[in-house]
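Down below is the structure, laid out as structure tokens.
All values below were derived from every heavy atom in this structure, side-chain atoms included, with hydrogens, water molecules and symmetry-related copies excluded.
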Amino acid sequence: MDMIRAENVSVSFGKLNVLKNVSISIHPQEVVCIIGPSGAGKSTLLRAFNHLEHINNGSIYIEDKLLTQHESGVRKLKINSKERREILLEVGMVFQRFNLFPHKTALENTMIAPMNVLKKSEAEARKKGIELLERVGLGDKLDAYPNKLSGGQQQRVAIARALAMEPKTILFDEPTSALDPELVGEVLAVMKQLANDGMTMVVVTHEMGFAREVADRVIFMDDGQIAEEGTPEEIFQNPKSDRLKQFLNSVL
């Protein structure tokens, strides 16, 4: 069973075709890194997986359950919001911007969704929140508000918050691009640990070292399409296309 499967997915904004018939499968416990130039459609694909971006064509499945299906802009799947929400509970997301509630502490930020969505008790959510914040190295920051945390610490709270919903897959949309360079390592270290623990992860990233070290598979997107994919060795050491070679020369 695939954790996520997209079949012939297209997304257009007006006359701009951002994704063009993209098909991809994400396997259990696989770490997939998506690389490519700005405007290639990387983040749009990630957001389509999580139903944050509406597709014009194609189908998206989460764990073999059909989440959305469109043909020529017409929705072919009738699914109510409760069913869709239940399917999407399997997928967590960590954004470029941390999106923490500024008036809530680190611990409270991790507790809100489990209590409101999963209907966990306050005691249960608190216990899990403390455990997760300790896991991401912030056991001493439980009562800190976001404005008292560095960008790297805020992003680690955001990762703990995503984990609190017990997803089977986590999507990371350029999770380090808003950070000062010296804070990038602490977030990547948490992500490496998640990968080692067997979490299924799809990561849109500009961190080529991370992709090379942690990914099972690297996907190179260009002009709204998957231009090349393979193991980190294949992508970074033996790129086939001139476009990928050109891209790697510009970023490495």
In terms of heavy-atom contacts, T205 and A211 come closest through CG2-CB, 4.5 Å
Q: Decide, yes or no, whether a salt bridge links E131 with K128 under the criterion of side-chain N to carboxylate O below 4.0 Å.
A: yes
Q: Show your working on side chain to side chain contact (heavy atoms under 4.5 Å, CB included) between L133 and K141 and close with a plain yes or no.
A: CA-CA 8 Å; L133 287 168; K141 300 291 184 185; over 6 Å; no
Got a donor-acceptor contact below 3.5 angstrom from the N57 side chain to the S72 backbone? yes
Side-chain heavy atoms of E233 within contact of N238, under 4.5 Å = no
Correct closest heavy-atom pair for P175 and L179 would be O-CD1, 4.1 Å
Report task. Return yes if some donor-acceptor pair links the side-chain N/O of D216 with the main-chain N/O of V31 below 3.5 Å, else return no. Result -> yes
Side chain to side chain contact (heavy atoms under 4.5 Å, CB included) evaluation trace for T200 with K168: CA-CA 7 Å; T200 306; K168 294 181 183 171; 5.9 Å; no
Query raised in the report: E229 versus V32: any side-chain heavy-atom pair under 4.5 Å?
Result: no
Nearest heavy-atom approach of Q153 to E186 is N-OE2, 3.3 Å
- Task: Flag the pair H27 / R217 as yes when at least one side-chain heavy-atom distance between them is below 4.5 Å, and no otherwise.
- Result: yes
For residues 147-178, the ring-ring contact (aromatic ring centres under 6.0 Å, His included) pairs (sequence neighbours left out) are none
Please check if any side-chain donor atom of D197 sits under 3.5 Å from a side-chain acceptor atom of Q193, or the reverse. yes
Closest non-hydrogen contact found for V136 with R156 is O-NH1, 2.9 Å
Quiz prompt | Side-chain heavy atoms of L107 within contact of I130, under 4.5 Å | solution = yes
Using side chain to side chain contact (heavy atoms under 4.5 Å, CB included), reason through F49 and V91 one step at a time and then give a plain yes or no.
CA-CA 9 Å; F49 287 162; V91 183; 5.8 Å; no
Problem - Beyond-backbone contact of V184 with F210, side-chain heavy atoms, under 4.5 angstrom - result: no
Item checked: No-hydrogen, no-angle side-chain donor-acceptor test under 3.5 Å, Q96 and S177 -> yes
Review point. Hey, are the side chains of N56 and H70 touching, using non-hydrogen atoms and a 4.5 Å cut-off?
Key: no
Residues G152 and L183: closest non-hydrogen pair is N-CD1, 3.7 Å
Practice task
Answer yes or no: is there a side-chain heavy-atom contact under 4.5 Å between R5 and D64?
Solution key: yes
task: For the pair K82 and E86, find out whether any cationic side-chain nitrogen is under 4.0 Å from an anionic carboxylate oxygen.
output: yes
Is any side-chain heavy atom of V203 less than 4.5 Å from a side-chain heavy atom of M191?
yes
